[in-house]
Structures are given as C-alpha cells and as structure tokens.
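For reference, the structure is listed below as structure tokens.
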Amino acid sequence: MIDQKLVAWGRSGNIIREIAEYGAEQAKIVGAENVYNFTIGSPSIDPPACVFETMDRLRATVPAHELHTYAPAVGLPEVREKAAAYLTRTFGVPYRKQDIIITCGTSTALAVLTKVLLSGGGRAMTFTPYFMDYRYYAESVGSTLTECPTVPDTFQLDLEAAERALTPDTMLLIMNSPNNPSGVVLRREGLEGLAKLLERKQKEYGHPIYIVADEPYRDLVYDGQEVVYLPSIYKNSIYCYSFSKSMSLPGERVGFMALPQDLDDYDDIYSASLAAIRAFGYICVSTMWQRVAIDCLGATSDISIYKGNRDRLYGALTEMGYTCVYPDGAFYLFMKTPEPDAEAFCRRAMKDNLLVVPGDSFGTPGYVRLAYCVSPEVIERALPTFRKLAEEYGLKANK
Ligand code: PLP
C-alpha cells in the first residue's frame with residue numbers, strides 16, 4: 001500500500017520553493033535584476049580559500065580513484081578523529097573518534113535521530129518558530145511534533161510554556177540556535193533553565209529526554225553573541241553540525257553528529273543510528289568532501305557580507321516602520337507583517353516581485369522570513385519596494 005500521508009505531503013509542495021519558482025519565471029519576464037528574491041537559505045558567498053587549497057592539495061597528492069572511492073558508511077576514520085579532537089578542544093566536552101558519525105548535513109542527523117529515538121514510541125518537541133522539516137522527520141516515523149511557544153517578539157525560551165508542553169511521552173527536543181527562521185540566538189540563562197527542567201522531568205518520567213542540537217548556523221553570528229554548546233550544559237545532548245552554511249558548501253552534503261560518552265543508552269543509540277543510516281541509504285558521504293571539509297573545520301566564508309546585509313536590512317526596515325526581531329545570527333530576518341495574514345502580505349509583495357516566505361510555514365503566523373544571503377545590491381534594489389508597501393499599509397516611519 002502506498003503511504004497516503006506521504007502522497008499528501010508530496011502533493012502539498014513546499015511554499016518556499018513555489019515562491020522561488022515564481023521568482024525564476026518572473027525573472028525571465030521582467031529581468032533578474034527586477035526580482036528581489038529573499039526566499040531561499042542558500043549561501044551566496046564563496047567558500048573560504050582553504051576549501052580550494054585543500055582540494056588542490058588532495059588532487060595533487062592522492063590518486064583519483066582513492067579520492068573518489070566509497071567512504072565507510074559511518075565516515076572516514078581520520079575525519080571522525082579530527083572532528084572529535086576539534087569538538088573536545090573547542091567546547092571542552094571529551095569526544096573520541098568513535099563518537100562521531102559523518103552525515104549528509106544535519107538533515108541526515110535529524111532524520112536518523114528522530115527515527116532512532118521516536119520509532120519505539122514517544123514524541124518530539126520543538127520551539128516556535130522552527131524549521132518546517134522537523135515535522136516531516138517526526139511524523140514520517142509515526143510520531144508527532146509538539147510546538148512549544150517562546151516569548152513573543154524575542155523568541156527566547158519560555159520555561160513555563162516548556163514545562164506545560166512536556167509530557168511523559170516526550171523523548172526528544174529539537175533545538176536550533178542560531179535559528180531558522182528568526183536569526184535569534186538562544187541565551188544561556190534560558191538554556192540552563194531548560195537543562196534543569198529536563199533533568200527534573202527525566203526523573204519524574206523515569207526515562208531520558210534527549211536534546212538534538214541542530215546547529216548548521218553555529219558559526220554565523222555577528223556581534224560576538226555566545227552560542228551555548230548544549231552538550232556542555234546537558235549531558236543527553238546530541239550535537240549536529242553541517243558545513244552547508246558557514247562554509248558555503250550546501251551542495252556537497254557534509255556534516256556530522258557527535259554522541260557524548262555519557263549519553264544515556266549510548267550503545268543502543270549508536271548502533272541504531274548506524275542501522276538507520278543504512279536503512280535510509282544515507283551512507284558513504286563523499287570521500288573527497290569529507291576530507292576537504294574536515295581540514296577546513298573552524299574556517300568560515302567571509303561572513304562580514306552577511307553582517308553588512310543584516311545591518312542594512314534591519315536598519316532600513318525598522319526605520320520604515322516595520323517591526324523585526326533583531327537577528328544575532330544565521331542569515332534570516334523575521335519581520336512582523338503589517339496585516340495579520342502573512343500569506344496575504346506575501347502575495348501582495350509578490351505583485352511587486354518582492355519574494356518573502358510566510359511565517360506560518362515555521363509555526364509562527366503574522367511574520368515573514370527574509371533570507372538575506374543575497375548580494376548587497378539586491379537589498380538596495382528591494383528597499384524602495386519595501387518602502388512602497390510600508391506606505392500602502394500606512395506604517396509610521398521611525399526617524
Ligand atoms: N536545519 C535547519 C534549521 C536548516 O535551516 C537547514 C537547511 O536550511 C537544515 C537543518 C539542513 O541543512 P543541511 O542538511 O544542509 O545541513
């Protein structure tokens with residue numbers, strides 16, 4: 001029998017892609033420079049120089065058939081070793097080579113971990129606003145995703161809401177900071193409070209509650225804002241990292257997940273993760289790209305361009321009278337829509353070839369997400385359209 005739930009999801013499409021495709025069609029009609037596309041969270045700046053240097057070095061020193069061969073399903077040993085050493089050195093949480101599993105970005109880690117931690121029963125929870133794929137991961141293994149509200153307007157953790165949302169069958173919290181879609185970085189105080197709450201609830205419920213830290217944006221922060229390393233404050237945390245965003249390598253599909261040595265049920269989670277990786281077919285991440293990425297671990301693309309975009313866009317939009325959440329990181333700006341129906345605002349903006357994504361897709365109506373990983377020129381060209389809309393909606397400019 002064909003899974004009708006998957007059929008329905010497949011048919012429902014993805015609103016971000018839909019709007020982006022509309023933009024591509026419009027570009028053919030009015031010219032690409034007249035379409036202001038803020039829909040897709042794909043890096044627009046080149047990878048750091050070390051990526052190209054490492055590629056050249058590997059090509060010059062490693063026979064081609066070795067560089068392009070299958071990697072072990074779990075990842076190359078020397079790559080796992082280097083990732084473990086890096087995490088231990090940087091965050092002070094001790095990892096060994098065998099604690100690291102190489103993945104196709106954090107997507108694989110999320111799909112695998114939701115399968116492993118939820119298939120036997122139990123549900124997942126996340127905080128709004130959130131990356132929409134979390135729901136797919138949870139529901140596709142027959143589980144559910146509970147959306148826990150955060151503090152309005154700041155999107156920091158609301159611990160009372162978290163306590164209300166937790167239930168005896170909560171097995172897993174998916175955390176994402178810096179956040180897609182808001183750009184918010186979760187503050188230490190709230191996270192330490194959450195860690196205490198989870199420790200209490202684990203005892204009360206008599207089973208572990210795991211945090212899966214989805215952190216593809218960890219290295220994209222602009223004002224020195226601290227990004228708390230969750231495994232350092234809560235032992236049942238599995239850290240998931242990706243080279244997609246900070247190193248501008250989304251197409252190469254490289255990342256890793258790290259299991260702390262004192263994780264509850266470590267052996268079962270490790271073995272089941274290896275099995276799930278095989279079962280999903282997420283095996284053997286590119287040998288060459290594992291080696292390139294790991295040799296550059298810690299380097300980032302020139303993120304000063306994103307910072308410049310963030311400053312310009314946030315400054316201009318708030319001056320026009322829009323309300324935006326100040327984004328400390330990632331490359332997203334979450335803006336309150338001047339009418340409650342965010343989708344209606346998106347459609348109105350689309351008429352002027354300004355493409356943004358409704359917050360409803362992220363569990364947070366009344367907002368739109370702007371992916372500002374675009375060239376600074378796109379922002380400059382788009383500002384008059386934002387201004388025109390602000391005037392049409394009668395927003396009061398802040399001088
Ligand atoms: N998690 C979040 C919050 C994201 O925004 C994305 C991609 O946009 C992913 C995970 C998946 O990224 P990747 O699999 O490329 O690491």
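Excluded from the calculations below are hydrogen atoms, water molecules and symmetry mates; all remaining heavy atoms, backbone and side chain alike, are included. Both counts, for ligands and for their atoms, begin at 1 and track the order of listing. On a predicted model such as this, the values are computed, not experimentally measured, just so you know.
Between E33 and R381 there is no salt bridge, since no side-chain N of the basic residue sits under 4.0 Å from a carboxylate O of the acidic one. Looking at R348 and E392, a side-chain N of the basic residue comes within less than 4.0 Å of a carboxylate O on the acidic one, giving a salt bridge. Under 4.0 Å is where a charged nitrogen must lie from a carboxylate oxygen, and between D223 and R310 at least one such pair does. A salt bridge does not link K203 with E199: none of the charged nitrogens is closer than 4.0 Å to a carboxylate oxygen. Here D311 pairs with K307 in a salt bridge; the nearest charged N to carboxylate O distance falls below 4.0 Å.
Listed by number with element, the atoms of ligand 1 under 4.0 Å from a non-hydrogen atom of R253 are 13 (P), 14 (O), 15 (O). The distance from ligand 1 to the heavy atoms of N180 drops below 4.0 Å at these ligand atoms: 3 (C), 4 (C), 5 (O). With ligand atoms numbered from 1 in the order given, ligand 1 contributes 3 (C) to contacts under 4.0 Å with heavy atoms of Y134. Ligand 1 places these atoms under 4.0 Å from at least one heavy atom of G105: 13 (P), 14 (O), 16 (O). The atoms of ligand 1 that sit less than 4.0 Å from any heavy atom of S107 are 11 (C), 12 (O), 13 (P), 14 (O). Short contacts between ligand 1 and S242, defined as distances under 4.0 Å to a heavy atom of the residue, involve ligand atoms 13 (P), 16 (O). Listed by number with element, the atoms of ligand 1 under 4.0 Å from a non-hydrogen atom of T106 are 1 (N), 9 (C), 10 (C), 11 (C), 12 (O), 13 (P), 14 (O), 16 (O).
Nearest to atom 7 (C) of ligand 1 among the protein's heavy atoms is K245 NZ, 3.3 Å. Of the protein's heavy atoms, F131 CE2, 3.6 Å lies nearest to atom 9 (C) of ligand 1.
Only the side chain of S244 comes within 4.0 Å of ligand 1, counting heavy atoms alone; its backbone N, CA, C and O stay farther away.
There is no side-chain donor-acceptor pair under 3.5 Å between N179 and S177.
For ligand 1, one of its N or O atoms has an N or O atom of D214 under 3.5 Å away. For ligand 1, the polar-atom distance check against N176 finds no nitrogen or oxygen pair separated by under 3.5 Å.
Using 4.0 Å as the threshold, Y130 has no heavy atom nearer than that to any atom of ligand 1.
Taking each heavy atom of N353 and Y22 in turn, the nearest pair found is OD1-OH, 4.3 Å.
In this structure, Y393 is a member of the same hydrophobic cluster as L333, with clusters built from ILVMFWY side-chain heavy atoms closer than 4.5 Å. Under the 4.5 Å side-chain contact rule for hydrophobic residues, F256 and V285 share a cluster.
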